[in-house]
Amino acid sequence: MSQTTRLSGLSHVNRVDDGPPLADLLDERRHLVALAHRMLGSADDAESAADECYRRWYALSDRERERIPVPLTWLSAGVDRICRIRRALPHRKEPPAPSAPPSRTRSSPGPHPEPTTLRQHDAVVHAVRRALLAADADLLLSLLAPDATAFFDGGGKIRTLVAPVHGRDRVARSLLSLLDRGPHTPLAAHSVNGRTGLVVRHGRRVVAVLSLDVSGAEAVGVWVVVNPDKLRYWNAGHRP
């Protein structure tokens, strides 16, 4: 975000385990696809090579990934190796993709969320949007339940957080970190799965969709979809 984040309610913001900004992740994937395209000459093959490289990234253990100081360097070297192998062995079959991180179909956090009207839900979502646009950590914290949980679905095709994020402070940090973006990436309220959610655009493309579970006046769950496959519908001319 272009503004300085107001952090009086949070500590250790933008830590490594909060995840990198979405804009950086999009630039990273574009770099890998462009590298693969130069080596393979096909847009589809380039996307496939980048996907395979991310599968190898997620095949590493958490500790192995933490030991890599510059992920882009590791990923670029991986794409280079994959492309060289494919050029030498054009009929090589790829291993099946591992299961993608859980998506919106997972059960809601918390045992019995307090019933919420559509008006209450919309009010919380719009307030979360204002907090994220202003990078206002204090406001965001006030809108999250103490035991709030955030889930990130990159589908193994973008380097986002893998494990769910638990607790109000960590959820706030991870959302502020992910949406730490330039002025040309708007965040808008939009219907998502039949209820008001948030849509992030980069240029004219939808790059993230956020769904919120609301209990009373607080968000208890946040689902962040950045999986390019799941965003194709949003970018196929079906959505305004």
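Please read all numbers here as calculations on a predicted model, not as lab measurements. For this chain, numbers begin at 1 and follow the sequence in order. For the numbers below, each heavy atom of this structure counts, side chains included, while hydrogens, waters and symmetry mates do not.
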### Query
Val125 and Leu198: which non-hydrogen atoms are nearest, and at how many Å?
CG1-CD2, 3.8 Å
### Message
Is the shortest side-chain heavy-atom distance between Leu32 and Tyr54 below 4.5 Å?
### Response
yes
### Message
Once rounded to the nearest 0.5 Å, what's the spacing between atom OG1 of Thr160 and atom OH of Tyr58?
### Response
6.0 Å
#### Entry: Spacing of Leu141 atom CG and Asp136 atom CG [to the nearest 0.5 Å]
9.0 Å
### Query
Okay, side chain of Asp45, backbone of Gly41: is any donor-acceptor separation there less than 3.5 Å?
no
### Query
What is the distance from atom CZ of Arg81 to atom CE of Met39, rounded to the nearest 0.5 Å?
11.0 Å
### Task
Determine whether Asp147 and His166 make a side-chain contact, defined as any pair of heavy atoms from C-beta on separated by less than 4.5 Å.
no
### Query
Is there a side-chain contact between Asp62 and Val162, using heavy atoms and a 4.5 Å cut-off?
no
### Query
Is the backbone N or O of Arg170 less than 3.5 Å from a side-chain atom of Ser174, with the two atoms forming a donor-acceptor pair by type?
yes
### Summary
Taken to the nearest 0.5 Å, the spacing of Arg56 CZ from Leu75 CG works out to 11.5 Å
### Task
Applying side chain to side chain contact (heavy atoms under 4.5 Å, CB included), name anything that partners Arg63, two or more places apart in sequence or on another chain.
Ser61, Arg67
### Query
What distance do Leu161 atom CG and Asp153 atom CG have between them, rounded to the nearest 0.5 Å?
12.0 Å
### Task
Report the residues that fulfil side chain to side chain donor-acceptor pair (under 3.5 Å) with Thr117, sequence neighbours left out, ordered by chain and then residue number.
Gln120
### Message
Going by the rule side chain to side chain donor-acceptor pair (under 3.5 Å), which residues pair with Thr196 if we only count those two or more places apart in sequence or in a different chain?
### Response
Asp122
## Note on the structure
salt bridge (charged side-chain N to carboxylate O under 4.0 Å, His left out) pairs touching residues 27-43, sequence neighbours excluded, are Asp27-Arg30, Glu28-Arg159, Arg29-Glu47, Arg29-Asp51
### Residue list, salt bridge (charged side-chain N to carboxylate O under 4.0 Å, His left out) with Arg130, at least two apart or on another chain
none
### Message
Can you confirm whether Leu176 sits close enough to Leu132 that some side-chain heavy atom of one is under 4.5 Å from a side-chain heavy atom of the other?
### Response
yes
### Message
Please enumerate all residues that pass side chain to side chain donor-acceptor pair (under 3.5 Å) together with His31, with sequence neighbours excluded.
### Response
Ser76
### Summary
Pro164 and Thr149 have their tightest heavy-atom pair at CB-CG2, 4.1 Å
### Query
So, do Leu231 and Pro228 sit near enough that their side-chain heavy atoms are less than 4.5 Å apart?
no
### Query
Say you draw a straight line from CG of Leu35 to SG of Cys53; how long is it, rounded to the nearest 0.5 Å?
9.0 Å
### Message
Applying the side-chain contact (heavy atoms from CB on, under 4.5 Å) criterion to Val128, which one of Leu140, Val214, Leu144 satisfies it?
### Response
Leu140
### Message
As a quick check of understanding, evaluate side-chain contact (heavy atoms from CB on, under 4.5 Å) for Leu175 and Val224, giving each step before the final call.
### Response
CA-CA 9 Å; Leu175 292 176; Val224 182; 4.0 Å; yes
#### Entry: Partners meeting side chain to side chain contact (heavy atoms under 4.5 Å, CB included) with Ala208 (sequence neighbours left out)
Leu22, Val200, Leu210, Val226
### Message
Suppose we screen for side chain to side chain donor-acceptor pair (under 3.5 Å). Which residues come up paired with Arg84, at least two apart in sequence or across chains?
### Response
Asp80
### Listed partners of Leu60 passing side chain to side chain contact (heavy atoms under 4.5 Å, CB included), at least two apart
Trp57, Glu64, Arg65, Ile68, Trp74
### Query
Can you find a pair of side-chain heavy atoms, one from Ile158 and one from Phe152, that are under 4.5 Å apart?
no
#### Entry: Residue pair Ala49 / Cys83: nearest heavy atoms and the distance that separates them
CB-SG, 4.1 Å
### salt bridge (charged side-chain N to carboxylate O under 4.0 Å, His left out): pairs with one or both residues in residues 214-229, sequence neighbours excluded
Lys157-Asp229, Arg168-Glu218, Asp229-Arg232
### Query
Do any N or O atoms from the side chain of Arg129 and from the backbone of Leu187 form a donor-acceptor pair under 3.5 angstrom?
yes
### Message
So which atom in Ala189 and which in His126 form the shortest heavy-atom distance, rounded to 0.1 Å?
### Response
CB-CE1, 3.5 Å
### Task
Using modelled atom types only, decide if a donor and an acceptor are shared between the side chain of Ser211 and the backbone of Gly197 within a distance under 3.5 Å.
no
### Query
Shared ILVMFWY cluster between Val33 and Val207, side chains joined below 4.5 angstrom?
no
### Message
Give me the atom names and distance for the closest heavy-atom approach of Ala219 to Ala148.
### Response
O-CB, 3.7 Å
### Counterpart residues, side chain to side chain contact (heavy atoms under 4.5 Å, CB included), relative to Arg195 (two or more places apart)
Leu118, His121
